[in-house]
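A quick write-up on the structure given underneath.
Quantities reported herein were computed from a predicted structural model and do not represent experimental measurements. Residue indices begin at 1 and follow the sequence shown.
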Amino acid sequence: MYPKMKSKLSHLIIPLLFVLSYTFGQKNNLCQGDYYTEAEGAQALKKTEQRITTKQEWEDYAHIIREGILTGTELNPMPERTPLNIIRKDYRRYGDYTVENIAFESLPGVFVTGSLYAPANPTGRIPGILSPHGHWPKPDDYGRYRADVQKRAASLALMGAYVFTYDMVGYGEMVDYGWEHRHPKTLKLQLWNSIRAVDFMMTLDKIDKKHIGVTGASGGGTQAFLLAAIEPRIAVSVPTVMVSAHFFGGCVGESGMPIHKSDHHQTNNVEIASCFAPKPQLIISDGGDWTKNNPKVEYPFMQYIYGLYGKKENIQNVHLPNDVHDYGINKRLAMYPFMAEHLKLKLKNIQDENGNIKEDKVVIEDYANFRMFNGDFPLPDYAVKSNDAVIW
């Protein structure tokens with residue numbers, strides 16, 4: 001089904017094939033929700049494992065998968081990296097960490113809003129972590145303002161990292177101006193915004209450009225493994241409650257464009273996450289959602305792929321059978337040591353005298369604290385205020 005190709009040849013042929021397949025079969029190539037049964041998902045991984053027997057065969061296939069993501073999101077070729085025009089304001093300090101509101105332009109007039117957490121008294125080079133949020137839409141339990149997002153961002157900053165939390169497309173304050181999440185091209189802009197978020201991190205003083213991580217849950221988990229697959233600057237990845245062989249994402253920001261299938265290939269989120277091999281990756285799963293089979297299905301496959309590089313130790317799974325679909329405390333307790341080990345952070349900064357991890361130094365802020373634009377600091381007149389007004 002997947003002919004073996006020489007890498008140099010595939011670099012020329014594969015993009016053209018993807019463009020053709022995208023043009024003539026976009027809708028038919030969408031893979032959404034429970035696209036497979038659990039048995040079918042497991043069988044698909046088995047077939048790939050039987051077919052891929054060497055590192056080179058996997059790398060050729062991973063190239064096809066990456067081309068599928070980029071072409072499926074219409075990011076092949078990549079758009080021009082226009083000036084970010086970064087805005088920073090409302091600096092706050094809470095003990096040993098700080099928070100600052102950020103906005104930058106991923107495209108001319110397209111503002112990405114977020115917050116930068118940082119250690120208050122940094123020494124040496126500072127690793128960076130992107131923290132995309134999940135698609136929790138309730139007003140009292142919303143986006144990057146949720147307590148769990150604030151706790152993990154502030155705790156990682158206390159450990160010595162820059163952490164950037166940013167609004168997904170159609171979330172946060174830009175909704176007030178007309179942006180929508182349920183738009184056919186949400187995934188295109190969201191992935192581009194994440195790539196530009198890496199660009200933003202690279203502008204920070206003292207940033208350690210070789211130690212950039214990403215972690216998120218639910219839709220943020222999907223964004224984490226998609227970005228890790230296509231963005232070579234990511235060094236560590238922790239996708240949470242989202243790596244599944246049978247489930248392909250539940251909204252347009254995850255599977256609303258044809259990133260899994262074309263006329264000549266079919267992949268899934270486990271294979272996409274495996275494209276990060278052999279770099280360090282922790283997949284966190286639970287018994288209350290579509291990641292319930294991770295220990296027996298998805299994780300063994302990923303171990304196999306990492307084993308082709310002789311780096312099985314770089315893929316780990318923490319499974320929480322009694323947990324549900326969230327980035328709750330048990331999942332954060334698993335993530336902190338992994339990030340500390342691979343990004344050279346100081347776990348002791350959030351541990352008590354008995355070595356227990358504590359988040360009691362974190363101040364949970366109100367939504368109003370995070371707003372970039374308001375009556376005193378209005379959105380620029382040239383800002384793009386809706387999905388359909390974006391010019392690529």
Side-chain angles (χ1 to χ4, degrees), residues 92 94-100 102 114-120 126-136 141-168 171-172 194 197 201 211-225 227-228 234-242 280-286 316 318 320 323-352 356-367 369-370:
R92 299 88 85 185
Y94 298 110
D96 291 328
Y97 75 93
T98 65
V99 190
E100 190 176 7
I102 302 293
S115 292
L116 178 66
Y117 293 72
I126 306 173
I129 300 172
L130 296 180
S131 180
H133 66 77
H135 302 135
W136 281 277
D141 189 29
Y142 186 72
R144 69 180 174 93
Y145 315 112
R146 301 178 82 222
D148 72 300
V149 180
Q150 293 191 49
K151 286 179 179 179
R152 76 172 183 256
S155 296
L156 289 165
L158 286 166
M159 291 164 60
Y162 285 125
V163 185
F164 184 55
T165 66
Y166 53 111
D167 293 317
M168 300 292 98
Y171 275 74
S194 291
M201 295 289 277
H211 288 89
I212 304 296
V214 62
T215 186
S218 193
T222 299
Q223 195 61 206
F225 65 67
L227 182 67
I234 299 297
V236 181
S237 180
V238 184
T240 300
V241 297
M242 210 60 229
Q281 182 169 202
L282 168 66
I283 55 171
I284 302 177
S285 54
D286 62 65
Q316 296 182 26
V318 170
L320 303 163
D323 268 30
V324 295
H325 187 73
D326 62 13
Y327 211 142
I329 182 61
N330 293 329
K331 299 176 179 72
R332 299 195 299 275
L333 292 178
M335 176 270 294
Y336 293 137
F338 190 84
M339 286 293 195
E341 177 184 358
H342 294 288
L343 292 181
K344 303 185 185 303
L345 301 175
K346 296 178 180 179
L347 187 63
K348 66 179 182 180
N349 288 359
I350 60 169
Q351 290 176 311
D352 63 17
N356 299 311
I357 294 174
K358 299 292 185 180
E359 298 175 324
D360 53 358
K361 296 179 181 179
V362 177
V363 175
I364 302 301
E365 298 186 90
D366 292 333
Y367 167 69
N369 287 22
F370 295 101

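By the 4.5 Å heavy-atom criterion applied to side chains, Val238 and Ile284 are counted as neighbours. Side-chain contact check for Gln281 versus Pro239: some heavy-atom pair is nearer than 4.5 Å.
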- Item | Stepwise side chain to side chain contact (heavy atoms under 4.5 Å, CB included) check, Val236 with Phe338 | CA-CA 9 Å; Val236 181; Phe338 190 84; 3.7 Å; yes
| request: Give the intermediate values and the outcome of side chain to side chain contact (heavy atoms under 4.5 Å, CB included) for residues Leu345 and Ile129. | output: CA-CA 11 Å; Leu345 301 175; Ile129 300 172; 4.2 Å; yes
What pairs of donor and acceptor atoms, side-chain ones from residues 151-161 against any protein atom, are under 3.5 angstrom apart with sequence neighbours left out?
residue : atom : partner : partner atom : Å
Arg152  : NE   : Ser131  : OG           : 3.1
Arg152  : NH2  : Ser131  : OG           : 3.1
Arg152  : NH2  : Pro132  : O            : 3.4
Ser155  : OG   : Lys151  : O            : 2.7
Ser155  : OG   : Tyr336  : OH           : 3.4

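With sequence neighbours excluded, no residue satisfies side chain to side chain donor-acceptor pair (under 3.5 Å) with Tyr142. Evaluation of the side chain to side chain donor-acceptor pair (under 3.5 Å) rule for Tyr327 yields Thr215 as partners, not counting sequence neighbours. Partners of Arg146 under the salt bridge (charged side-chain N to carboxylate O under 4.0 Å, His left out) rule, at least two apart in sequence or in another chain, are Asp141, Asp148. The side-chain contact (heavy atoms from CB on, under 4.5 Å) search around Gln351 returns Leu347, Lys348, Ile357, not counting sequence neighbours. Under the side chain to side chain donor-acceptor pair (under 3.5 Å) criterion, Asn349 pairs with no residue, sequence neighbours left out.
Looking at every heavy atom in both residues, Gln150 comes nearest to Val362 through O-CG1, 3.9 Å. Annotation for Leu130 and Ser194: closest pair CD1-O, 4.0 Å, computed over non-hydrogen atoms. Across all their heavy atoms, Tyr367 and Gly172 have their closest contact at OH-C, 4.1 Å.
Side-chain contact, Asp167 with Tyr145: a donor N or O sits under 3.5 Å from an acceptor N or O.
Interatomic distance, Thr240 OG1 to Asp326 CG, rounded to the nearest 0.5 Å: 9.5 Å. Rounding to the nearest 0.5 angstrom, the gap separating the CZ atom in Phe225 from the CD1 atom in Ile283 is 10.5 Å.
By the 30° and 60° cut-offs, the orientation of the rings of His133 relative to His135 is perpendicular.
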